[in-house]
Undergrad: 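Dumping the structure here so I can ask a few things about it.
Below, chains carry the letters A, B, ... as their sequence lines are ordered, and counting in each starts from 1.
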Amino acid sequence: MHKLRDSPGDAEEDLTARLGRIAGKGKVYVLGLGNVDRADDGAGVLVAKDLKESFPDYSFSEHDGVEGTVLDISERREDSVVFFVDASDMRLEPGAIKVIDRREIKETEISTHRVAVALMASLLERGGKRSAVIGIQPRKIEFRGEMSPRVMRAVDAVARALRSLMESNNR
Amino acid sequence: MRELNVEALARVEGDGGITVTLDGKKVKSVTLDIHEGPRLIEQLVKGMTPADDLNVIPRICAICTLSHRYSAIRGLEKALGITPPEKAQLTRELMMLGENVESNSLHTFLLALPDFLGYPSAIAMLNDYADDVKRALRLKKYGNHVMAVTSGRIVHGENPVLGGFGKYPARKALEEIKLKAHELVPDAVRAVELFASLEYPTYSEADMMFMSVNAPKKSFGFAGDNILISNGKEVSAEDYKKLTNERVVTHSFAKRSLYQDGTFTVGANARMVNMGKRLDGQAADLFKEHYNDRWLKNPLYNNLAQAIEMLWSLEHIPDAADQVASMEDPATAEPTRQTGSGTGAVEAPRGTLYHHYEIKDGLIDVADIITPTAQNLDDIERHMKLTAERMLSEGKKDDEVRLHLEMVARAYDPCISCATHLVTLKRI
């Protein structure tokens, strides 16, 4: 889970527009991060799972190996953007959604668990790819806890926005 | 009295920090403080069936997921009198080789290396060492793939079960991982050469005690029924409590271990000290070239040990894959009793991992898990204290001391998430 500075959330219509501006005409990849065993921390993985059926070549999660996926995308010769979707502690209301510029992500979140998003974003940039994080404010991240209804609604909203963009850019 | 703090220890798994307490110029204490909350896993599985336990236990950690699953399987199979078929044992060995490549590649290149090269993180290394960052990602991706082929998924795969495998890897997938392993050997050799070329500061050096499993057939490996101690003793894994002697401390959510009142080390360096002479291939050549007496005193050599071990794992994957592919899928072995006890011991990338079970009438009555990081914590603190004392006596600046303390802690590749699986905390 990411930790970010205080900032307001994005409304759903703003979210769709913002994602569209970042993506331009590029192919849209989604990488869902987090741990589904820790309640709301699994939000990003659920978004990616939702999109996987319709876009199997463009939607990935922790279960697909995030680093390898990013390495592959970074080396492809195409115009593309990667949206990392992750539960992020933005000190907002649970379920709030915010698109975060990759430069706002703290580098210190690198761990043995997986490679830092900031490193993956830097690697993508070196390959001429754009990236951003779609943060979803969690309410609870206890081990084996249930996902909060408000976070579940945010998962649906993010999946809707990304689906719309992927349908226009990736088909 | 003043404190020198590293509030958030970066590049380790989980939430921890370091506190050095100074009285004048004297170092009173150095503590690795574990802030990550306990998970109470052992209590959670009490009353479960062994099969259900296997679905919960690997959740302790997403990176050592297969080590936890394998150690649990070994303990449960002993308790239930199950003898797994040979193909199951070979497939388990193969999955452990994959996990080793996956974990060691990330730790060496991306977590440990920046300190030695003078960068604040792997991100800052990108401009000058982009090829090494990509090597790390390639190796990690491959290790993840081997884990997925053998266990069914990259994280929390469920194919390894009691008595065998729910589904064995397909021959085509085994052929692919075999070919890819050959391709990646040069990347692992690069890791060894890079870590062998680094200068290892001497501040933390002191005589150390090492423990690891004794892999069967006098080979190097990641599982065994006995524990080798670098003092020459060998103890059954069933006597793990005599080796680990767990206790609680007030500044940490993780338990601590001492052997004969002294600290000890588990992990790649311990495996090299105890079993390094059993290595073969290019890994053996490089081990002989670079191993020296400082490995017995300096925890920073764990990084080089991990690089050599990663190479050995890659060199062994083709043969392991061939052996698995050559066998027909056997039936799953069944329990011969419903009441009993057993202890599994495997070498997770960061050290020996014990899972002990007592089963009554087919249900888990007692579960006890001792993680490598919990065993290493006292040793980490000892070597950090030496580092702080020596550096401060030389008049080194606080920032430099902080960096070296972090380097010592990171060298053990600690997994705080694993270490906080259960503790009873008593505040004084």
Undergrad: Looking only at non-hydrogen atoms, find the nearest pair between B:N127 and A:R126 and report the distance.
TA: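 Nearest heavy atoms, B:N127 then A:R126: OD1-NH1, 3.3 Å.
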Undergrad: Under 6.0 Å from the CD atom of A:E146, do we count more than 12 heavy atoms belonging to anything else shown?
TA: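 No, CD of A:E146 has 12 or fewer neighbouring heavy atoms, counting only those of other groups under 6.0 Å.
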Undergrad: With a cut-off of 6.0 Å (strictly less than), are more than 12 heavy atoms of other residues, nucleotides or ligands near NZ of A:K49?
TA: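 12 or below, so no.
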Undergrad: More than 12 foreign heavy atoms under 6.0 Å from CZ of A:R171: is that the case here?
TA: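 Counting neighbours around CZ of A:R171, more than 12 heavy atoms of other residues, nucleotides or ligands fall under 6.0 Å, so yes.
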Undergrad: Given side chains that start at C-beta, do those of A:E67 and B:L106 come closer than 4.5 Å, heavy atoms only?
TA: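 No; the side chains remain at least 4.5 Å from each other.
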Undergrad: Where do A:H63 and B:I154 come nearest, in terms of heavy atoms and distance?
TA: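 Looking at all heavy atoms of both residues, the closest pair is O-CD1, 3.5 Å.
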Undergrad: Looking at NE2 of B:H156 and CD of A:E62, how far apart are the two atoms once the value is rounded to the nearest 0.5 Å?
TA: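 Result: 10.0 Å between the selected atoms.
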Undergrad: Return the minimal non-hydrogen interatomic distance between B:L126 and A:S122, and the atom names on each side.
TA: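 It is CD1-CB, 3.3 Å.
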Undergrad: For A:D64, is it the side chain, the backbone, both, or neither that has a heavy atom closer than 4.5 Å to a heavy atom of chain B?
TA: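 Backbone only.
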Undergrad: I need the minimum non-hydrogen distance between A:A118 and B:I123, along with the two atoms involved.
TA: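 It is CB-CD1, 3.4 Å.
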Undergrad: Do A:L119 and B:V133 come within less than 4.5 Å of each other through their side chains, counting heavy atoms only?
TA: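 With C-beta onward as the side chain, the pair touches.
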Undergrad: Tell me whether A:K140 at atom NZ has more than 12 heavy atoms from other residues, nucleotides or ligands lying less than 6.0 Å away.
TA: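 It does: A:K140 NZ has more than 12 such atoms within range.
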Undergrad: Using a cut-off of under 4.5 Å for heavy-atom pairs, which of A:A121, A:S74, A:G68 has the most such pairs with chain B?
TA: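 Heavy-atom pairs under 4.5 Å are most numerous for A:G68.
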